[in-house]
A.B. asks: 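Before anything else, here's the structure in question.
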Amino acid sequence: MRDLLIAVSLIYVALSVAASVFVIRRDDLSRHTKGAQCVAIWLVPILGAWFFYKANRLHDEPQYVSREQEGGVAGSGNEGGSPPYGWSDGGADGGD
């Protein structure tokens, strides 16, 4: 039982140190935000470290914009233009 407690404690400390270092090294967070996140990492065992690591990691991943978000219909070959032949644009011709 004692060995299990030691193992869990070591894992907790290692995860908390890793997450704290990761948060402290970020340039886009204010000093107060870094401090608050580090306090939460150490006060909420395991889950606090994992949550703030994942939350901050999301800011590092590139954000992709799909063709639909750019204004065109993906794969129609008509990205951003008028609707393709046969599609109604809801105009004066009585379309949908």
Side-chain angles (χ1 to χ4, degrees):
M1 184 68 169
R2 182 175 175 212
D3 293 337
L4 179 63
L5 181 62
I6 291 172
V8 170
S9 297
L10 288 175
I11 291 170
Y12 165 67
V13 170
L15 285 174
S16 296
V17 167
S20 296
V21 169
F22 182 77
V23 168
I24 289 170
R25 292 179 131 192
R26 294 195 60 88
D27 293 331
D28 60 335
L29 298 176
S30 71
R31 185 175 173 201
H32 295 347
T33 302
K34 289 178 184 181
Q37 287 188 8
C38 285
V39 167
I41 287 169
W42 285 94
L43 290 180
V44 182
I46 310 290
L47 294 178
W50 178 81
F51 174 79
F52 284 108
Y53 174 77
K54 293 300 271 185
N56 283 293
R57 191 75 175 140
L58 289 175
H59 295 288
D60 292 339
E61 295 175 3
Q63 301 296 319
Y64 297 102
V65 177
S66 68
R67 289 186 177 166
E68 286 101 10
Q69 291 172 333
E70 289 178 350
V73 178
S76 69
N78 191 31
E79 279 70 316
S82 61
Y85 178 76
W87 285 25
S88 172
D89 61 353
D93 62 350
D96 297 332

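Hydrogens, waters and symmetry mates play no part in the numbers below; they use all other heavy atoms, side chains included.
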A.B. asks: Would I41 and V13 show up in the same hydrophobic cluster when neighbours are defined by side-chain heavy atoms closer than 4.5 Å?
C.D. replies: yes
A.B. asks: Could you state whether V23 and L43 fall into the same hydrophobic cluster, counting links through intermediate Ile, Leu, Val, Met, Phe, Trp or Tyr residues with side-chain heavy atoms under 4.5 angstrom apart?
C.D. replies: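 No, it is not one cluster - the side chains of V23 and L43 are not joined through contacts under 4.5 Å.
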A.B. asks: About how many Å separate CD1 of I11 and OG of S16, when rounded to the nearest 0.5 Å?
C.D. replies: 11.5 Å
A.B. asks: Looking at residues at least two apart in the chain, or sitting in another chain, which of them share a side-chain contact (heavy atoms from CB on, under 4.5 Å) with T33?
C.D. replies: L29, S30, Q37
A.B. asks: Linking Ile, Leu, Val, Met, Phe, Trp and Tyr by side-chain heavy atoms under 4.5 Å, what else ends up with I24?
C.D. replies: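 Members besides I24: none; it forms no cluster.
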A.B. asks: Other hydrophobic cluster members with L10, side-chain heavy atoms of Ile/Leu/Val/Met/Phe/Trp/Tyr under 4.5 Å, chained?
C.D. replies: I6
